[in-house]
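Below: the structure, in structure tokens.
The first residue in the sequence is number 1, and the count goes up from there.
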Amino acid sequence: MVNHCRDLGFTHALTLSWNRNVVLSVAKRHLKLIHRKVDRKLLGCRYNAKPRDERTLAVFVFEGLKTGHIHVHSLWRVRDRQHLIPFARLFPEERGGIWNGIVRSGSYKLALVDDPHVFAGYALKGQHPSSDAQEMIWSLDFLRD
């Protein structure tokens, strides 16, 4: 799985935290919403009419489901290079921006992916063949809804 993610050309690594108790179904709705908001900001109000390959791609991997400190390691691929900096501007510092418009108590850490293998390995570090499929979501799953 690490090799597959490495080869998808992810441009950003983003860890999202709720900093409060949240149930998995609500957390998933928040992730769907952030994906939509990012696409709208980068691609315009008709983002949903764009072909899948022009939209941002993201994979979200949950951690802390058993401990209650739920957070997500995500990898994002911004297709058009002109959107790299605008994407980063959606996540200034570690609070504020688009995530806190969805989750007020939330925080995040953003990094540019300079070594795809390292970032994919980190994001997927808790995933094993026996992992629950609910612990990983692809943004493509949101497009089916």
Side-chain angles (χ1 to χ4, degrees), residues 1-2 4-113 116 119-145:
M1 181 59 101
V2 170
H4 176 67
C5 284
R6 178 198 65 205
D7 296 341
L8 289 175
F10 289 110
T11 56
H12 297 82
L14 179 64
T15 299
L16 300 166
S17 298
W18 279 258
N19 298 322
R20 63 177 168 85
N21 290 334
V22 63
V23 295
L24 187 59
S25 61
V26 171
K28 287 180 178 182
R29 280 199 309 270
H30 290 158
L31 297 178
K32 182 176 182 176
L33 186 56
I34 196 168
H35 181 253
R36 285 182 175 172
K37 285 183 174 268
V38 165
D39 271 0
R40 183 180 177 104
K41 291 284 189 184
L42 297 181
L43 304 174
C45 61
R46 299 213 11 100
Y47 70 91
N48 54 342
K50 300 273 186 188
R52 287 181 182 203
D53 63 339
E54 290 182 25
R55 294 189 58 186
T56 55
L57 174 68
V59 60
F60 304 94
V61 182
F62 284 96
E63 283 191 7
L65 294 174
K66 293 181 176 79
T67 65
H69 178 65
I70 190 169
H71 60 284
V72 169
H73 296 290
S74 63
L75 297 169
W76 292 72
R77 181 180 68 202
V78 176
R79 186 57 99 178
D80 192 335
R81 301 209 47 87
Q82 73 178 357
H83 293 137
L84 292 175
I85 292 174
F87 179 90
R89 288 184 178 144
L90 296 174
F91 302 95
E93 316 238 344
E94 290 186 14
R95 293 202 34 89
I98 200 167
W99 180 237
N100 291 119
I102 298 167
V103 180
R104 284 184 184 215
S105 62
S107 59
Y108 51 83
K109 292 188 181 185
L110 177 69
L112 284 172
V113 173
F119 278 95
Y122 181 76
L124 298 169
K125 68 183 180 293
Q127 295 298 298
H128 307 284
S130 61
S131 293
D132 185 346
Q134 295 289 316
E135 295 178 7
M136 183 185 295
I137 303 170
W138 290 86
S139 60
L140 296 173
D141 294 335
F142 302 147
L143 303 181
R144 293 185 189 119
D145 294 345

Open item on the list: Determine whether I98 and I34 satisfy the following criterion, side chain to side chain contact (heavy atoms under 4.5 Å, CB included), listing intermediate values before the conclusion.
Closed with: CA-CA 7 Å; I98 200 167; I34 196 168; 4.2 Å; yes
Open item on the list: To check you understand the geometry: which heavy-atom pair defines the closest contact between N100 and G106, and what is its length?
Closed with: ND2-O, 2.7 Å
Open item on the list: For H73, give me all partners under ring pair (Phe, Tyr, Trp, His ring centres under 6.0 Å), at least two apart in sequence or on another chain.
Closed with: H71, Y122
Task: Validation row: R29, V26 side chains within 4.5 angstrom (heavy atoms) - done: yes
- [ ] Check the pair L31, H35 against side chain to side chain contact (heavy atoms under 4.5 Å, CB included), reporting the backbone distance first and the verdict last.
- [x] CA-CA 6 Å; L31 297 178; H35 181 253; over 6 Å; no
Open item on the list: Could you work out, with side-chain hydrogen bond (donor to acceptor under 3.5 Å, both in side chains) as the rule, every residue matching Q82, not counting sequence neighbours?
Closed with: D80
Task: Residues forming a side-chain contact (heavy atoms from CB on, under 4.5 Å) with E94, sequence neighbours excluded - done: K109
Task: Over all atoms of both residues, closest heavy-atom pair of W99 and S17 - done: NE1-O, 3.1 Å
Open item on the list: What's the separation between atom CG in L110 and atom CZ in R89, rounded to the nearest 0.5 Å?
Closed with: 13.0 Å
Task: Approximate separation, where rounding is to 0.5 Å, of L24 CG and E135 CD - done: 8.5 Å
Open item on the list: Testing the 3.5 Å rule here: is there a donor-acceptor pair between the side chains of H30 and W18?
Closed with: yes
Open item on the list: Can you list everything that forms a side-chain hydrogen bond (donor to acceptor under 3.5 Å, both in side chains) with S107? Sequence neighbours excluded, please.
Closed with: N19
Open item on the list: Once side-chain hydrogen bond (donor to acceptor under 3.5 Å, both in side chains) is applied, do any residues pair with R20, and if so which ones, sequence neighbours excluded?
Closed with: S105
Open item on the list: To check you understand the geometry: which heavy-atom pair defines the closest contact between T56 and S139, and what is its length?
Closed with: O-OG, 3.8 Å
TODO: Indicate yes or no: at least one non-hydrogen side-chain atom of L43 is less than 4.5 angstrom from one of R55.
DONE: yes
Task: Crowding at CZ, R104 (>12 non-hydrogen neighbours, <6.0 Å) - done: no
TODO: State the NE2-CG distance between H83 and L90, to the nearest 0.5 angstrom.
DONE: 10.5 Å
Task: Test side chain to side chain contact (heavy atoms under 4.5 Å, CB included) applied to V61 and V72, step by step - done: CA-CA 5 Å; V61 182; V72 169; 5.7 Å; no
Open item on the list: Taking the side chain as everything from C-beta on, heavy atoms only, tell me whether L57 gets closer than 4.5 Å to W76.
Closed with: no
Open item on the list: Main chain of F60, side chain of S74: is a donor-acceptor contact present, judged purely on distance under 3.5 Å?
Closed with: no
TODO: Kindly determine whether V59 and F10 satisfy side chain to side chain contact (heavy atoms under 4.5 Å, CB included), including the steps that lead there.
DONE: CA-CA 9 Å; V59 60; F10 289 110; 3.9 Å; yes
Task: Closest non-hydrogen atom pair between P92 and G97, with its separation - done: CD-CA, 3.8 Å
- [ ] Taking side-chain contact (heavy atoms from CB on, under 4.5 Å) as the test, write out the residues that go with L84, two or more places apart.
- [x] T11, H12, V78, R81
Task: Point-to-point distance, once rounded to the nearest 0.5 Å, from CD1 of I102 to NZ of K32 - done: 13.0 Å
Open item on the list: Run the side-chain contact (heavy atoms from CB on, under 4.5 Å) test against R40 and tell me which residues pass, sequence neighbours left out.
Closed with: C45, Y47
Task: Partners meeting ring pair (Phe, Tyr, Trp, His ring centres under 6.0 Å) with F91 (sequence neighbours left out) - done: F87, Y108
Task: Residue list, side-chain contact (heavy atoms from CB on, under 4.5 Å) with D53, at least two apart or on another chain - done: P51, R79
